[in-house]
Structures are given as structure tokens and as C-alpha cells.
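Worksheet: one structure, shown below.
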Amino acid sequence: MPFAKIKAVAHSVPEQVVTNDDLAKIMDTSDEWIYSRTGIKRRHISIDENTSDLAAQVGQKLLEQTGYEADTLDFIIVATITPDSTMPSTAALVQSKIGANRAFAYDLAAACSGFVFALSTAEKLIAGGYKRGMVIGAEVFSKSIDWTDRTTAVLFGDGAGGVLLEADDSQPLVIAEKLESDGSRGGSLTVNQLELNSPFSDIIEKEKTSLQMDGRAIFDFAVRDVPKNIKATLELADYEVDDIDYFMLHQANSRILDKMAKKLGADREKFLQNMEEYGNTSAATIPILLSEAVESGKVRLDGSQKLVLTGFGGGLTWGSLVIHI
Ligand code: ACO
């Protein structure tokens with residue numbers, strides 16, 4: 001059974017930076033409130049690029065880094081909950097934009113766990129015989145935010161990141177994984193609901209389509225359920241916390257990361273963080289973090305390091321991968 005290897009990592013964010021002070025000019029908030037509660041200072045907000053544009057930029061960078069031709073790709077998975085449209089999928093748009101005419105392409109919707117779920121899926125595709133593909137997390141969340149709601153508008157940003165994977169016989173990429181969902185708690189975080197609307201239905205459900213969040217419930221979910229998941233995944237891998245070089249968790253809030261590190265008894269320095277610059281970019285946070293870690297030399301793609309990648313968010317969904325990278 002062929003193993004998968006991450007050959008390249010890249011990210012792309014819109015140029016426009018919106019600081020906390022910029023937000024304070026259009027809503028009743030402050031840099032002090034936002035930074036002390038979340039660790040966020042700035043976010044990048046798209047002016048004229050949609051989700052597929054950012055994702056295609058990532059795809060193009062991955063091809064440039066590896067020197068591979070686009071038509072050598074077998075598949076493209078885009079993890080997103082802010083697609084350009086539900087049909088065609090954002091992945092299909094990326095396939096066309098980068099000219100990957102042999103690749104099959106589809107979106108995967110698992111909110112802020114999307115990249116972790118998609119990477120797990122892609123690893124199985126490679127084990128099943130496909131040779132090369134991309135997994136990209138991409139969001140333009142700014143189009144799904146209620147910009148009059150200060151309790152949610154300050155948290156999110158736009159961006160994309162991704163990896164190019166290929167079959168390789170050196171060592172397994174995923175050492176252990178545990179992916180989880182609980183739809184019964186899904187109402188605590190919702191976005192982009194589609195109303196029933198046909199001449200045959202009396203039911204007209206008028207739901208809010210912008211992001212709605214019970215912040216406290218999500219905070220409690222993150223600090224209660226997610227550390228248990230990480231512990232269980234480490235046990236499956238037969239690793240201790242100290243065996244891990246870096247923990248790359250979804251970037252929602254630095255206080256969540258503080259609590260997770262404490263619960264796991266792990267060195268907080270190993271929990272890499274960049275929400276200060278990007279805010280919460282949902283499915284894109286982990287690949288952007290990984291891409292920056294590779295750029296800075298913290299993470300090498302030489303097979304010598306062990307990482308934990310953990311996503312958590314709407315669905316509810318959460319899950320971890322212990323990987324050799
Ligand atoms: N600026 C100023 N004041 C604000 C703002 C703001 N942007 N937002 C809320 N407030 C006010 C509230 O109105 C409230 O005022 P009141 O006491 O007069 O009613 C006060 O601040 C406290 O509000 P809380 O909601 O209780 O604030 P809390 O300390 O819980 O922090 C936060 C809110 C940061 C959202 C927190 O609940 C949290 O981090 N939750 C996790 C949710 C998260 O990260 N979601 C991201 C998406 S989900 C995901 O990625 C997993």
C-alpha cells in the first residue's frame with residue numbers, strides 16, 4: 001500500500017489588511033477587547049478575490065514549488081464552507097483555473113475541521129492508488145459575516161493554504177487519527193442556511209444566513225472535547241505529548257490554545273499561533289500555519305518531525321491527525 005508524502009505547502013491571503021482599530025471605526029469595539037479575548041490583531045479581507053481565486057493561487061504556488069505540470073494531478077479537494085457557489089464546487093473552479101485537466105475535484109464541508117478531514121481523506125485516496133493530489137483549505141468568510149454584529153465580525157478573516165501530496169514508499173504520513181462529529185450540537189454555530197422555497201411547500205423557513213454563534217458554547221466545546229481527542233489520538237499513535245515537535249491547532253482564539261496546552265501538560269511554545277495576523281480563517285487556518293512554519297524553517301518536509309494537526313468547529317466537527325512530516 002503506497003504511503004503519502006507532503007511535497008510542498010503554500011498559502012495565499014488577500015492584500016487588504018483590516019486592523020482591530022479599523023473595525024472600531026465601523027462598530028462598537030476596541031483593539032483592547034478583541035486582542036485580550038482572542039489574540040487577534042488583524043485579518044486579511046478580500047476586496048475582489050473569491051474563494052476559488054485564493055485557492056487557485058495556492059494551487060499555482062504548489063505547482064511552482066514542485067515543478068510539476070498541472071495535468072499530473074489526480075485529484076483536488078478543497079475544504080471550504082464559503083464556496084464561490086455550491087455548484088460548481090470551488091475545487092472544480094480551481095481545477096479549471098490551474099489547468100489540472102486530468103484531476104477529479106470536489107469540495108469537503110467540515111467547517112474549521114475541513115482541512116484535517118480532507119487531508120485524512122486524501123491520504124486514503126493515495127493508499128488506494130491515486131498518485132498525486134492537492135488538499136486546499138480556503139475561505140472568504142467576509143461574505144458570510146454580519147458586519148453589524150460585533151460579537152462575530154471581529155473574529156474572522158479570509159485566506160487559503162494547502163499541500164501537494166504524492167505517493168511515496170518511505171514512511172506513512174498519518175500515524176494515527178481520530179475524527180469526530182456531533183450534529184446534535186450543530187445549532188451553536190451556523191452559516192449560509194438555504195431556505196425551503198418551492199411552489200409545493202407550505203413551509204417557508206426563514207433562517208439567518210450570516211454566521212450565528214453561541215460563543216460560550218463553542219469555547220466550552222473546544223476546551224472540553226478537543227484535548228480529549230488529542231490525547232486519544234496520541235494514545236493510538238503510542239506517542240507521549242513530549243514526542244511531538246509542534247501542535248498545529250485550528251486558530252480560533254489564543255485563550256483556547258492556552259487551555260489546551262495546559263490540559264495536555266504540553267509546552268505552550270509548541271502550539272504555533274498566527275491568529276494575531278489572520279484571525280480565524282476556518283478551514284484555512286491549519287494549512288496557513290503549516291505553510292508559515294515551513295517558510296520559517298521550523299518545520300522541514302524531510303520526514304524527521306512529528307506534528308499533531310487538530311481542527312474543531314461547526315457541525316460540530318473535530319479531529320486530530322498525528323503525522324510524520
Ligand atoms: N467588542 C466589544 N465588546 C464586545 C464585543 C466586541 N467585539 N463582542 C462582545 N462584546 C461584549 C458583549 O456584548 C458582552 O457585553 P455585556 O456584558 O455588556 O453583555 C461582553 O462583551 C462579554 O461578552 P461575552 O460573549 O460573554 O464575551 P466572552 O468573554 O465569552 O468572549 C468570545 C466572546 C471571544 C467570542 C468567546 O466566547 C470565544 O472565544 N468563544 C469561542 C468562539 C470562537 O472562537 N469562535 C470562532 C468560530 S468557531 C471556531 O472556529 C471553532
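Whatever order the structure lists them in is the order used to number ligands and atoms, beginning at 1. None of these values were measured; they are calculated from a predicted model.
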Within a radius of less than 6.0 Å around CG of Asp302, do more than 12 heavy atoms belonging to other residues, nucleotides or ligands occur? yes
Tell me every residue that passes ring pair (Phe, Tyr, Trp, His ring centres under 6.0 Å) with Tyr246, counting only those two or more places apart in sequence or in another chain. none
Pairs under 3.5 Å, N/O atoms on ligand 1 and on the protein: can you put them in a table with the distances?
residue: ligand 1; atom: 1 (N); partner: Thr29; partner atom: OG1; Å: 2.6
residue: ligand 1; atom: 3 (N); partner: Trp33; partner atom: NE1; Å: 3.4
residue: ligand 1; atom: 3 (N); partner: Arg150; partner atom: NH1; Å: 3.4
residue: ligand 1; atom: 7 (N); partner: Thr29; partner atom: OG1; Å: 3.1
residue: ligand 1; atom: 7 (N); partner: Arg150; partner atom: O; Å: 3.0
residue: ligand 1; atom: 13 (O); partner: Arg150; partner atom: NH2; Å: 3.0
residue: ligand 1; atom: 21 (O); partner: Trp33; partner atom: NE1; Å: 3.2
residue: ligand 1; atom: 26 (O); partner: Arg216; partner atom: NH2; Å: 3.0
residue: ligand 1; atom: 29 (O); partner: Arg37; partner atom: NE; Å: 3.0
residue: ligand 1; atom: 30 (O); partner: Arg216; partner atom: NE; Å: 3.0
residue: ligand 1; atom: 30 (O); partner: Arg216; partner atom: NH2; Å: 3.3
residue: ligand 1; atom: 37 (O); partner: Gly215; partner atom: O; Å: 3.4
residue: ligand 1; atom: 39 (O); partner: Asn253; partner atom: ND2; Å: 2.5
residue: ligand 1; atom: 40 (N); partner: Gly215; partner atom: O; Å: 3.0
residue: ligand 1; atom: 50 (O); partner: His250; partner atom: NE2; Å: 2.7
residue: ligand 1; atom: 50 (O); partner: Asn280; partner atom: ND2; Å: 2.8

Compile the donor-acceptor pairs under 3.5 Å between side chains in residues 219-235 and protein atoms, sequence neighbours left out, one pair per line.
residue: Asp225; atom: OD2; partner: Arg185; partner atom: NH1; Å: 3.2
residue: Asn229; atom: OD1; partner: Ser320; partner atom: N; Å: 3.3
residue: Asn229; atom: OD1; partner: Ser320; partner atom: OG; Å: 2.6
residue: Asn229; atom: ND2; partner: Lys178; partner atom: O; Å: 3.1
residue: Asn229; atom: ND2; partner: Glu180; partner atom: OE2; Å: 2.8
residue: Thr233; atom: OG1; partner: Asn229; partner atom: O; Å: 2.6

Point-to-point distance, once rounded to the nearest 0.5 Å, from OG1 of Thr29 to CG of Asp21: 10.0 Å
Provide the closest heavy-atom pair for Val58 versus Ala10 in the form atom of the first, atom of the second, distance. CG1-O, 3.7 Å
List the residues meeting ring pair (Phe, Tyr, Trp, His ring centres under 6.0 Å) with Phe117, not counting sequence neighbours, and say none if there are none. none
